[in-house]
Amino acid sequence: MNERFSIQLKLAGVPVQHRHFTALGHKDLLLMHDEDCRQCVEAFLVQSGD
């Protein structure tokens, strides 16, 4: 589902960076238990100015 969403965003002209964390579930992503995931989210927030 997220790959289809990425494609639709790209078609609409929205810049997309798709990352897939195989061993993580939604809880892990939200709590950022994984260092790679945490760094990815932090980089996104810095890039977007939040």
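Positions are given from 1 along the sequence. Fair warning: this is a prediction, and the values are worked out from it, not measured in the lab.
- Tracing side-chain contacts under 4.5 Å through hydrophobic residues (I, L, V, M, F, W, Y), one reaches Val14 starting from Phe5; they form part of the same cluster.
- Here the side chains of Glu42 and Leu45 are not in contact, with every heavy-atom distance at 4.5 Å or above.
- By the side-chain contact (heavy atoms from CB on, under 4.5 Å) test, Glu35 is found to be paired with Arg38, Gln39, residues two or more places apart in sequence or in another chain being considered.
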